[in-house]
Structure formats: structure tokens, C-alpha cells
Amino acid sequence: MLSLDFIRENPEAVRRAVADKHDAADVDRILALDSSRRSKLTEVEALKAERNAGSKEVGRLMKEKRDEAEKLKSRMKELGDKVAAIEKELAATQEELDGLLLRVPNVPDDSVPAGAGAEGNVEVRSWGQKPEFSFQPKAHWDIGEALGILDFPRATKISGHGFTVFKGLGARLERALIAYMLDLAAKAGYTEVAVPYLVNRASMTGTGQLPKLEEDMYKLAADELYLIPTAEVPVTNLHAGETLQAEALPLKYCCYSACFRREAGSYGKDTRGMIRVHQFDKVELVKIVREEDSPAEHEALTADAERVLQSLGLHYRTMLLCRGDLSFAAARCYDIEVWAPGQGRFLEVSSCSNFRDFQARRMGLKYKDGQSKPRFCHTLNGSGTALPRLVVALLETYQQADGSVLLPEPLRPYLGGLERIKS
RNA sequence: GGAGGGGUGCCCGAGCGGUCGAAGGGGCCGGUCUUGAAAACCGGUAGAGGUUUCGGCCUCUCGCGGGUUCGAAUCCCGCCCCCUCCGCCA
């Protein structure tokens, strides 16, 4: 969330961010509500001050058993009624304002390129090369089913479209990758956490999924709980409402979790295989940092995510998202896209975002050093990385003419020394 | 799920409906004393918001939300969380 001060002082920048992010937030309405809120507040606070003073006076008069007390009491009663009336209006104004404020997207950082959508994103670097094949590379669904490690029909049978069953070495590969990536993150100084997959509304609001993206979430209506779309939600909210000591920052967490996404509105897209699914595994990297450190920490986090792909020998490119492709809460974001030979295209396996103080303000996450006033932390996160698409890239990149799949060296210890998956 | 107990400032802990943003203790910061330190003593030690002639002034916050009252940390209602016992269960 943006501060009202910021919106008041930079209405043009906010309007531009709203437009560029293809959002519909009503900045003018917010400005109007803010001004009406403040005038009502000033009015009601003056009345309250008068009432507070009057009430003290009543107490004094009653102690002295003076009958002026009754007269003053009834005058204060009238004042109180007036206060209640204005407060009712104020509460309505405040409620509408809060609601609108939560729907204003973050303002992109100055370094973010202009652009309307994905085509405006800028490739900042790439690593490795597209592998060459002496045969026509197959798609992961063919490779996986032939090897008996992926079973889409049965996943559909038990849950529906958009779910995956991993079997045998497929399941083992999934587990190996999780362990491998967590170990990598631990080496980079991230503290591993394991967190709930069901979170309350406040947590979802804290990181910015709610109220805007309600229809993208799986919700358990009976309990007012949501299935997490990413570990970002529970992990970033770990410190919601806290004021941290500046010396304790940066906090770096890594977390494996299952992720649940309804993918509303993307029906008909990526329908085959496991490029777009309702449930997937992911290792997430989260940082809570000081304001002045967030740009450098963002670069470092992106490098940490890229290392996963480098160490597995997978070709990828890193894209700096343009203003139009930036998500609601992000101020700056790198997408890391891995090459999938069977698809003939790059797949996004990580979005490394700097939210600046946008999430921290929503969740009341602050830090303070010495005498200074508490300031909002900056929060960042990125996948390190999402599993299904990583497995897609792995299977499609390392597939052999005989249908087997070679395993990259660093992964082998996690699979009991196995060098290749074959049927 | 049932019964009971409880949620107060950085921590512990007190708080007849009135001058309580809150006693007392501890911690922390500053000072006095000291060659230095400890002890002792003195002082300070929340956040958010509004307003400001930038000295302040005002409002709100004692788990959260409502209510009663001239006035609520204190009374009433709902919710959340923690603890104990019982039940159930991996």
C-alpha cells in the first residue's frame, strides 16, 4: 500500500502507475475522501477534547457535591451525541478510503522501462545456450509418460485438469530438487522455514494478494482461510506487526511449499503438461531488509535464483519487467525464464521482486535503529525456483535419443547417485 | 468439541467507573559520583493520526470490535489468541 502522504504529494506518479499497470484504482476519489476525512477528524477531535475536559470537570463537581454537575452532564451528553454522529460519517469515509487504498498498485521504480506488456520487457542477460539435438526433442508430457514418472490422466481422474501425479523416479526427482535447492539457499545464507499452507485474510492482504486477486485464490469458506498461492505469503507475514532491530536485518528465509492457484481467466492456456497447474511445489526466497539496502539485495536475490539454473546447466534469460508487465505489488521485478526445448520457448521459473515498503506498510512491518523513528522495512522475494517448469526444462533439455533423461551432476547425490532416468 | 482460567507499556506486574497512557520493579539510554568499573542516586524510555505562529497543542490505542455512561484498562456483548483439564485424533 502507498502512504496517503505519497499519494497526496505525487498524484500524477500514482495515476501513471495505475494506468501503466492496467489498473482501475480511483486516485481522485482517494484524494477527495482523504480531504473530507481530515476535516471531519479535526472537527470531531476538537469536540472530543471539549468533552474530555468537561467530563473531568463533572468528576470534580460531583466530588464536591455541587449541583452544576447535572447541568454539565447533560451538556456533555449533547456533545457526545454530536461526536457520535460525526464519527459515524467518519467511519464510513475511512472504510471507503481504506478499501480503495488497498487496491492502489505499487508505483514502479524509476529504473523500470516503459512498456505495455510482456513485449516491453528487457533482456538484461542470458546464460548458456540452447541445447542442440540430433533428433526432434519431445515435450515433457511425452518423455515423462514414456518413462512412467508423470501421470496426467490419473491426476485428472482424482482431482481434475491442472494437476500432476509424479511417480517413481518422478516423485523422487521432485523431492531431490526441493532438497537440492534448499541446500543451495542455505549455503547462500537463507534460513529454512516450514510454514502453514492455509493462511488468514490478514496475511493475504499483507502481501497484496487480497483484496484484488480474490478470484485467483482457493478459499475455505467455512473457516475464512486461504490456500497459499506462494510461500511468499506466510513467510513474509512471519514478521507482520513487528518492529525489528535494524541490526537484525537483512532477514533471509528460504521455504519449500506447495502452492495453489485457481488460474482463473487462463483457461485454454498451456493446457497440456505441467506448465500451468493448480498445485505445484516451489522453493521460495524471501528477504526483509532495510530501505537503503533493497536495490542491492534485489540483485543478490536474483543472482541466488539464477544460480539454481546455472548449477543445473540450464539455459535461461533474465528479463527486467517493464511498467506494464509489473504485478500489482511490485516496484521492480526480474523474471528468470528457462529454455524448454520441447516447447521451443522460454518458461518463467522465477519472479524476483522488490516491493519496497508496499507490503511492509500493509502488514505493519517496521525496523528501527538507535534513536530514529521506526521505518517500514523493504520486502523482496523470488522463486528459487518453481518446480514444474524446472522439471519441464530438465526433462526436455537432458532427454536422449533413446528416451532416457540424463541427470545433471549436482543432482545425482540427491538421487542416490543415479545418472539417468530410463524406462 | 466440552469445562475453567487468562490476555495491561521492551519484560514482569498493580490497577474502588473519574485527574490512568496507566503505580511499582526490571531492562535499556543519558547524567552525578569514581583512576576505571560496579553499587548508589538523578533524569529519560511507546505507537498512530490531526493541527501548528514548528514552541507545542489535541485525538486515539491497556488482545480486537461493538455497547452502557457526562466519563471505560475497569461494567456488558461478540470475536481472536494463550494456558489447564476432559473428549477426539495423526
Side-chain angles (χ1 to χ4, degrees), chain A residues 1-9 30-102 194-206 210 220-226 234 237-249 258 291 357-377:
Chain A
M1 159 168 87
L2 302 174
S3 79
L4 265 173
D5 286 345
F6 181 85
I7 298 176
R8 216 180 284 140
E9 285 158 27
I30 288 171
L31 258 16
L33 285 168
D34 173 48
S35 127
S36 126
R37 165 188 150 267
R38 280 184 298 152
S39 73
K40 281 176 190 145
L41 207 53
T42 308
E43 190 185 355
V44 79
E45 284 185 357
L47 292 175
K48 277 185 176 177
E50 197 182 335
R51 186 190 59 182
N52 288 348
S55 291
K56 276 187 189 173
E57 182 66 8
V58 169
R60 209 175 55 75
L61 291 172
M62 285 178 68
K63 213 174 270 174
E64 295 171 12
K65 305 219 186 308
R66 307 253 296 267
D67 22 306
E68 289 100 306
E70 284 309 315
K71 267 166 65 188
L72 193 52
K73 254 198 205 178
S74 65
R75 257 183 47 213
M76 289 306 112
K77 169 75 175 156
E78 279 172 41
L79 248 184
D81 292 345
K82 215 188 283 180
V83 166
I86 301 171
E87 268 189 333
K88 204 176 159 191
E89 293 172 33
L90 190 60
T93 305
Q94 187 75 56
E95 198 186 327
E96 187 186 350
L97 183 58
D98 290 345
L100 291 179
L101 227 36
L102 285 174
V195 296
Y197 296 173
L198 288 169
V199 298
N200 57 30
R201 206 180 156 81
S203 296
M204 279 295 201
T205 306
L210 292 182
L220 282 76
D223 300 287
E224 268 294 305
L225 290 171
Y226 296 80
N237 275 288
L238 238 26
H239 296 284
E242 298 181 16
T243 300
L244 306 166
Q245 289 303 316
E247 307 83 71
L249 303 180
E291 183 182 334
D357 63 2
F358 189 83
Q359 296 181 323
R361 178 170 280 108
R362 287 173 162 249
M363 66 175 77
L365 167 58
K366 301 180 181 183
Y367 70 103
K368 83 179 191 187
D369 48 0
Q371 320 302 334
S372 76
K373 292 205 96 185
R375 286 191 287 173
F376 288 108
C377 298

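Here is the naming used below: chain letters follow the sequence lines, and residue numbers restart at 1 for every chain.
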Taking only the [atom1] atom of each, what is the distance from [N] to [M] in whole angstrom?
| N | M | atom1 | answer |
| --- | --- | --- | --- |
| B/rG30 | B/rU53 | P | 35 Å |
| B/rG7 | B/rC12 | C1' | 14 Å |
| B/rA73 | B/rG36 | P | 48 Å |
| B/rA46 | B/rC41 | C1' | 26 Å |
| B/rC33 | B/rA38 | P | 15 Å |
| B/rG65 | B/rG56 | P | 30 Å |
| B/rC76 | B/rC11 | P | 27 Å |

Between A/Val58 and A/Arg38, which has a closest nucleotide on RNA chain B that is more 5'? A/Arg38
Answer yes or no: is there an ion pair linking [X] with [Y], defined by an N-O contact shorter than 4.0 Å?
| X | Y | answer |
| --- | --- | --- |
| A/Arg60 | A/Glu57 | yes |
| A/Lys48 | A/Glu87 | yes |
| A/Lys73 | A/Glu70 | yes |

Restricting both atoms to N or O, compile the protein contacts to nucleotides 60-68 of chain B shorter than 3.5 Å, with distance only.
from: B/rC60; atom 1: OP2; to: A/Asn52; atom 2: ND2; distance (Å): 3.4

From the list [options], which nucleotide is the closest neighbour of the side chain of [X]?
| X | options | value |
| --- | --- | --- |
| A/Lys368 | B/rG49, B/rG47, B/rC70 | B/rG47 |
| A/Lys77 | B/rC70, B/rA48, B/rC58 | B/rC70 |
| A/Arg37 | B/rU59, B/rG71, B/rG49 | B/rG49 |
| A/Lys366 | B/rG18, B/rC58, B/rG47 | B/rG47 |

Check side-chain contact (heavy atoms from CB on, under 4.5 Å) between [X] and all other residues, then give those that pass, not counting sequence neighbours.
| X | answer |
| --- | --- |
| A/Pro196 | none |
| A/Glu43 | A/Ile86 |
| A/Asn52 | none |

In whole Å, what is the span from the [atom1] atom of [X] to the [atom2] atom of [N]?
| X | N | atom1 | atom2 | result |
| --- | --- | --- | --- | --- |
| A/Leu101 | B/rG49 | CG | C1' | 14 Å |
| A/Leu244 | B/rC10 | CG | C1' | 14 Å |
| A/Ile86 | B/rG50 | CD1 | C1' | 14 Å |
| A/Lys40 | B/rU51 | NZ | P | 15 Å |
| A/Gln245 | B/rC29 | CD | P | 12 Å |
| A/Leu41 | B/rC57 | CG | C1' | 15 Å |
| A/Leu72 | B/rU69 | CG | P | 17 Å |
| A/Tyr367 | B/rG47 | OH | C1' | 17 Å |

Please list all pairs meeting side chain to side chain donor-acceptor pair (under 3.5 Å) that have one or both residues in residues 196-205 of chain A, counting only residues at least two apart or in different chains. A/Asn200-A/Ser203, A/Arg201-A/Glu214, A/Arg201-A/Tyr226
Against A/Gln94, only a single residue in A/Glu89, A/Lys40, A/Arg37 fulfils side chain to side chain donor-acceptor pair (under 3.5 Å); can you say which? A/Arg37
Using a cut-off of less than 4.0 Å, is there contact between a side-chain N or O of A/Lys373 and OP1 or OP2 of B/rA48? yes
So, do A/Ile7 and A/Leu101 sit near enough that their side-chain heavy atoms are less than 4.5 Å apart? yes
How about A/Leu97 and A/Ile30: do any of their side-chain heavy atoms sit closer than 4.5 Å? yes
Pairwise N/O distances under 3.5 Å, protein to nucleotides 19-22 of chain B:
from: B/rU19; atom 1: O4; to: A/Lys63; atom 2: NZ; distance (Å): 2.3

